[in-house]
Amino acid sequence: MVTDKSKPNKLILQTKIQVYLHNTMVIKMNAQELRQLFFEFFRLKGHTIVPSAPMVVKNDPTLMFTNAGMNQFKDIFLGNRQPVSRRVANSQKCLRVSGKHNDLEEVGHDTYHHTMFEMLGNWSFGDYFKKEAIEWGWELLVKRLGIPEDRLYATIFEGNREDNVPRDNEAFGYWEKCFSKPEGRILEGSKKDNFWEMGETGPCGPCSEIHVDIRDDEERKKIPGHELVNKGHPYVIEIWNLVFIQYNRRSDGVLEQLPSKHVDTGMGFERLCMVVQGKKSNYDTDIFQPVIKEISAITGKNYGVNEKWDIAMRVVADHLRAVSFSIADGQLPSNNKAGYVIRRILRRAVRYGYNNLGIEEPFIYQLVPVLARTMGNQYPELQSGKEQIAKIIFEEETAFLKTLGKGLKMIERMIADLRKEHKNVLPGKVAFEMYDTFGFPVDLTQLILKENDMHLDFKGFEVEMKNQKERSREDASVEPTDWTIIKDIEGTEFTGYEKTEDEVLITKYRTIKVKGKESCQLVFNKTPFYAESGGQTGDTGQIIAGNEKIAITDTVKENNLVIHITKKLPSDPSAVFTASVDLEKRLMTANNHTATHLIHFALRSVLGNHVEQKGSLVTPDHLRFDFSHFSKLSKGELSKVEELVNSMVRDNHISKVTNGVSMEKAQSMGAMALFGEKYGDTVRVVEFGKSIELCGGTHVEATGTIGIVKIVSEGAIAAGIRRIEAVTASKAEEYINKRLNTVDEIATLIKSTGNIIESVERLIAENSSLKKTIEKFQAQSATIAMKELLEKAVTINNIRFVSGKIETDSPDVLKNIACQIRNSSDNTVLVIGSESLGKANILVMVSDNLVKERNINAATIIKEIAGEINGGGGGQPFLATAGGKNPAGIQRALAKAAGFLQKDSH
RNA sequence: GGGGAAUUAGCUCAGUUGGUCAGAGCACCUGCCUUGCACGCAGGGGGUCAAGGGUUCGACUCCCUUAUUCUCCA
């Protein structure tokens with residue numbers, strides 16, 4: 001019998017935490033216990049504990065990764081969505097590698113920067129405010145976790161006249177009550193540190209940070225802690241930020257009070273562990289130590305002995321987490337966007353392993369099981385996906401080591417070249433090319449140059465880098481104007497499931513300039529247009545008011561806002577419009593989307609339940625489906641899938657759509673949810689026969705509409721991930737007919753009535769044997785022609801002069817003759833001409849000894865005589881060719897060559 | 001999205017300013033010698049030099065378009 005070990009463990013953990021919560025005794029907790037305690041603490045304060053949102057963001061063009069706990073609640077703050085509960089707490093996995101929080105290059109060099117980290121947070125959506133947030137924060141840190149209050153500092157917002165926001169006296173008052181000796185403990189901070197804004201516009205408010213001083217007593221006596229708050233000291237650090245969202249910043253920059261006030265807090269989990277466990281480094285906690293120990297075991301190098309090693313181990317330990325969590329969320333390393341960020345992180349880890357630890361083999365993938373053991377409890381996706389994660393990391397490591405190998409070869413060549421020229425500086429441009437084009441890290445270039453007593457013109461490199469960045473930025477410049485609001489209605493009702501035409505009003509619009517091209521974005525009160533989502537492309541169509549017809553070229557989603565893209569603005573934006581979706585495209589898309597579901601189902605039936613959707617693209621023309629599977633699909637498997645899909649099409653399953661289903665209910669129905677996908681509180685379930693999926697897309701009413709599904713290609717896109725492309729309905733018909741026509745045409749061409757394949761095979765065999773025969777024949781005729789020519793040879797100036805005209809269409813025959821004579825005899829000049837397709841060709845060959853001894857040049861001769869055939873030519877001293885339009889001149893050209901030799905009498 | 005690079009035999013890759021240049025190693029086939037760890041020797045088959053245009057007397061080589069892959073930036 002298999003026993004579920006996690007259950008008794010969970011029970012023990014629960015009891016332990018109960019003890020902690022009702023006891024003021026300070027016990028050192030491990031990370032897992034600490035996290036649970038946080039949840040339990042806030043559960044007792046009436047909070048709902050929600051799971052972490054995926055770290056990889058899918059529906060927000062402004063953000064690739066979740067970089068703060070509040071990301072998943074953005075819609076709530078913006079008023080686009082209602083919360084499930086007004087009090088919520090969780091631990092959110094976050095990744096900070098780009099944008100304003102770009103610490104990537106710091107990570108590893110110190111003991112507290114990370115790419116991926118967990119953020120503990122508690123939220124109030126229009127419920128409690130400053131008083132409770134501050135009191136509970138204090139209670140947890142001081143009373144429950146036993147952090148001595150003489151190590152804590154709180155900051156409050158000093159106020160800002162420009163924004164007309166006063167000093168946060170309210171927060172100050174609550175903090176004053178917390179500290180038993182508040183003097184010097186509550187500090188004021190500026191707008192930069194103590195006023196939080198979501199973006200240029202939108203919800204914002206003052207915040208209050210809690211800092212902790214973990215320095216030794218001696219150090220603390222020397223410099224008072226309050227002087228070091230917010231000064232970047234590694235041991236005086238912020239651990240908790242409490243944000244009080246009470247304003248909305250309008251696009252004119254003015255702040256207005258929000259009707260309901262929110263609390264948004266974020267506490268760095270790794271830092272909290274460090275503080276509670278009495279460590280001086282995040283990497284010394286039990287979050288990282290198991291991984292670091294494993295790195296030691298693999299490399300045979302201990303942590304804490306050599307700073308260079310330590311940096312590399314921290315880099316690897318940190319990046320392993322970032323990469324593994326991303327892959328678990330479905331974001332694989334790739335060559336652009338989010339995938340590229342992940343690739344870069346992994347490569348940075350490989351580089352440090354290579355440079356600092358001397359590892360030239362893939363090794364990071366071996367750390368995945370340890371990570372899964374350490375964090376799999378809280379994040380089960382790590383545990384269940386660990387084999388695949390390891391496999392993907394292994395492939396990436398292998399690929400990058402190969403890139404490094406190639407780069408090393410190149411740099412060795414460059415160093416050799418520099419040596420030859422007695423130089424010792426590699427131009428920045430060259431290093432940049434190595435980096436930019438071949439992905440060879442510049443720090444490695446520098447290192448290798450140094451080993452060879454050379455160095456890099458790093459300034460030159462930076463200049464090139466700057467140019468490249470400017471190029472990209474210029475291109476990416478997007479200049480949106482402010483939204484012009486016509487009707488103050490939040491959100492858009494989607495009516496596209498039932499209709500493809502609707503009466504709509506524009507609620508707001510703006511123009512946007514991308515690369516100098518202007519386009520408009522419209523938001524409606526309701527819309528039949530489906531916005532690009534879940535792999536399905538956005539609808540196109542038109543809106544009409546009066547005589548005016550405006551085309552909608554695309555529909556996209558931004559923060560739950562459905563945006564319709566047009567080339568121009570309607571002359572009267574406040575009119576009532578008839579919005580109609582391009583019906584044909586919509587139906588084609590529906591065919592493909594439903595077919596995608598059927599393919600997904602068929603793949604699972606044929607290959608097994610390890611098949612999971614990894615991505616999909618549904619357009620009117622075709623569909624693409626990526627899924628997890630370990631090997632190439634055999635022809636048999638592919639046809640089985642296709643047969644099953646088509647039989648489901650013929651069964652004409654009627655679509656069954658259920659809206660507003662709870663996640664639990666959907667799962668009990670057996671719906672296939674996408675791993676790492678963010679779903680709303682309730683979901684839409686789409687069924688066709690046995691295929692049940694959570695999906696917001698538009699589908700056919702019955703599968704029969706699809707007509708036929710034809711798989712067009714199957715291939716690999718990453719380790720363990722395969723891609724199928726298919727067409728349906730009329731597109732499938734076109735595809736099949738095109739192929740059949742090709743076969744028909746071939747049959748007609750080869751006049752085959754029986755087995756076409758056999759006929760073609762016979763043709764190929766015949767063709768190759770004929771080719772050989774011709775080659776032989778040509779060689780023979782060339783030999784004969786050559787003999788004839790040689791017999792007519794004359795001697796001019798002690799040189800054997802061979803000339804004549806040869807009947808051939810192929811310049812190769814002339815060349816062949818020339819080569820044979822050149823290899824067989826000295827002291828010869830050959831001039832031959834031929835005529836083909838009304839054009840003249842002449843070739844001149846000069847024996848090597850004549851080139852050397854008598855300075856006779858074939859290229860010079862040919863230039864002299866090419867005029868006779870109205871053409872030009874050139875070549876090397878021993879062989880030259882010319883072509884011209886006048887075949888009649890060949891004889892004169894040959895004669896001229898003879899004359900040239902006579903003249904040239906030395 | 002923008003820049004750069006690559007695409008040559010089944011595989012891994014050479015190919016210098018356009019001109020006897022279509023090559024190497026491995027794999028494959030045949031024969032011989034024999035045989036353990038990449039056996040050795042001799043011979044052989046296999047390529048529309050990614051596809052399509054263009055420039056040229058002549059293009060793997062230069063230019064343009066397309067496809068795929070890699071790489072850097074955003």
Side-chain angles (χ1 to χ4, degrees), chain A residues 61-62 64 97-99 102 333-341 343-344 347 396 399-400 402-407 409-410 413 417 429-442 461-462 464-478 514-517 713 715-718 723 764-765 767-769 771-772 782 810-824 830 833-834 836 839-848 857-859 861-863 865-886 890 893:
Chain A
T62 61
M64 290 193 286
V97 282
S98 53
N102 191 354
S334 75
N335 62 353
N336 56 38
K337 298 203 171 159
Y340 181 57
V341 173
R343 173 169 283 174
R344 227 170 45 195
R347 291 190 166 187
E396 273 294 309
F400 184 53
K402 205 175 143 188
T403 305
L404 282 184
K406 277 189 182 176
K409 252 185 174 175
M410 291 173 70
R413 215 180 298 164
D417 287 349
K429 204 172 176 175
V430 176
F432 179 75
E433 195 199 353
M434 292 269 303
Y435 171 69
D436 182 54
T437 303
F438 301 104
F440 194 76
V442 68
F461 177 86
E462 281 180 319
E464 294 290 330
M465 195 73 196
K466 215 179 127 205
N467 288 344
Q468 145 116 320
K469 282 190 181 174
E470 266 165 26
R471 261 201 308 276
S472 294
R473 199 165 303 135
E474 263 170 40
D475 177 72
S477 73
V478 173
V514 183
K515 272 192 279 179
K517 259 192 177 173
S713 76
I717 55 160
R723 167 173 292 177
I764 290 171
N767 185 43
S768 79
S769 96
K771 253 190 195 163
K772 271 175 217 158
S810 154
D812 285 343
V813 172
L814 297 186
K815 247 186 197 173
N816 211 328
I817 294 173
C819 290
Q820 280 190 51
I821 295 181
R822 178 170 175 241
N823 291 332
S824 62
L830 172 77
S834 75
S836 71
K839 282 187 180 173
N841 289 306
I842 296 180
L843 175 143
V844 175
M845 189 283 293
V846 177
S847 286
D848 290 358
N857 191 325
I861 299 176
I862 205 110
K863 274 175 195 153
I865 66 177
E868 298 299 331
I869 54 167
N870 293 351
Q876 294 149 291
F878 58 89
L879 188 81
T881 54
K885 291 172 200 152
N886 181 22
I890 291 179

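On a predicted model such as this, the values are computed, not experimentally measured, just so you know. Note: hydrogens, waters and symmetry copies are ignored here, and every other heavy atom, side chains too, is used. Numbered from 1 within each chain, the chains take letters A, B, ... in sequence-line order.
One atom, NZ of A/Lys839, and another, C1' of B/G58, lie 12 Å apart when rounded to the nearest Å. Atom CE in A/Met465 sits roughly 17 Å away from atom P in B/G3 (whole-Å rounding). In this structure, CE of A/Met410 is placed 12 Å from P of B/A5, rounded to the nearest angstrom. Taking atom NZ of residue A/Lys469 and atom P of nucleotide B/C73, one finds them 7 Å apart after rounding to whole Å. When the C1' atom of B/A5 is taken as reference, atom CE of A/Met434 falls 13 Å away, rounded to whole Å. Residue A/Phe440 contributes atom CZ, which lies 23 Å from atom P of B/G4 at whole-angstrom precision. Rounded to an integer number of Å, the gap from NZ of A/Lys466 to P of B/A74 is 14 Å. One can place NZ of A/Lys406 at 13 Å from C1' of B/A14, the figure rounded to the nearest angstrom.
Between A/Ser834 and A/Leu843 there is no side-chain heavy-atom pair separated by less than 4.5 Å. Counting only heavy atoms from C-beta outward, the side chains of A/Met410 and A/Phe438 approach each other to under 4.5 Å. For the pair A/Tyr435 and A/Glu464, the minimum side-chain heavy-atom distance is 4.5 Å or more. Under the 4.5 Å side-chain criterion, counting only non-hydrogen atoms from C-beta, A/Asn857 is not in contact with A/Val846.
The two residues A/Lys863 and A/Gly874 come nearest to each other via the heavy atoms CE-CA, 4.5 Å. Scanning both residues, A/Thr403 and A/Gly439, for their nearest heavy atoms gives CG2-O, 4.2 Å. Of all non-hydrogen atoms in A/Ile862 and A/Ala882, the two that sit nearest each other are CG1-CB, 3.4 Å.
Note on A/Tyr435: every side-chain N or O is 4.0 Å or more away from OP1 and OP2 of B/G4. Close to B/C72, at under 4.0 Å from its OP1 or OP2, lies no side-chain N or O of A/Arg471.
Distances were taken from every side-chain heavy atom of A/Arg347 (C-beta onward) to each of B/A74, B/U71, B/C72; the shortest belongs to B/U71. Closest to the side chain of A/Thr881, out of B/C73, B/C57, B/G3, is B/C57. Closest to the side chain of A/Tyr340, out of B/C73, B/C57, B/G3, is B/C73. Of the candidates B/U71, B/A5, B/C73, B/U71 carries the atom nearest the A/Arg343 side chain, counting heavy atoms from C-beta on.
One can find a donor-acceptor pair under 3.5 Å joining the base of B/G3 and the side-chain atoms of A/Asp436.
Taking the P atom of each, B/C70 and B/A59 are spaced 33 Å apart, rounded to whole Å. Using P as the reference atom, B/G23 and B/A67 are 33 Å apart when rounded to the nearest Å. For the P atom pair drawn from B/A9 and B/C60, the interatomic distance equals 15 Å after rounding to whole Å. Rounded to whole Å, the separation between the P atoms of B/A27 and B/C41 comes to 12 Å. A gap of 11 Å separates the C1' atoms of B/C49 and B/G15, to the nearest Å. The same atom, P, is picked in B/G47 and in B/U8; the two are 15 Å apart, to the nearest Å. Between the P atoms of B/G2 and B/U65, the separation comes to 13 Å (whole Å). Across B/G40 and B/G4, the matching C1' atoms stand 47 Å from one another, rounded to whole Å.
Ranked by how close their nearest RNA chain B nucleotide is to the 5' end, A/Gly884 and A/Ala338 are led by A/Gly884. Map A/Gly875 and A/Lys402 each onto its nearest nucleotide of RNA chain B; the residue landing nearer the 5' end is A/Lys402.
As judged by a 4.0 angstrom heavy-atom cut-off over every strand, A/Phe432 is placed among residues making no nucleic acid contact. At a threshold of 4.0 angstrom between heavy atoms, the contacts of A/Gly871 with the nucleic acid are absent. Residue contacts shown for A/Gly439 are limited to sugar-phosphate atoms, with no base heavy atom under 4.0 Å away. At the heavy-atom level, A/Lys885 lies nowhere under 4.0 Å from the strands shown.
Taking syn as a glycosidic angle within 90° of 0, B/G36 qualifies as syn.
For A/Gln468, the side chain to side chain donor-acceptor pair (under 3.5 Å) partners are A/Asp436, A/Arg471, not counting sequence neighbours.
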Inset, instruction - Apply side-chain contact (heavy atoms from CB on, under 4.5 Å) to the pair A/Asn841 and A/Thr881, showing each step before the final yes or no. - result: CA-CA 7 Å; A/Asn841 289 306; A/Thr881 54; over 6 Å; no

Inset, instruction - Could you summarise the pairing of RNA chain B as dot-bracket text, marking Watson-Crick and G-U pairs under 3.5 Å with ( ) or [ ] inside the strand and | across strands? - result: (((((((..((((.....[...)))).(((((.......))))).....(((((..]....)))))))))))).

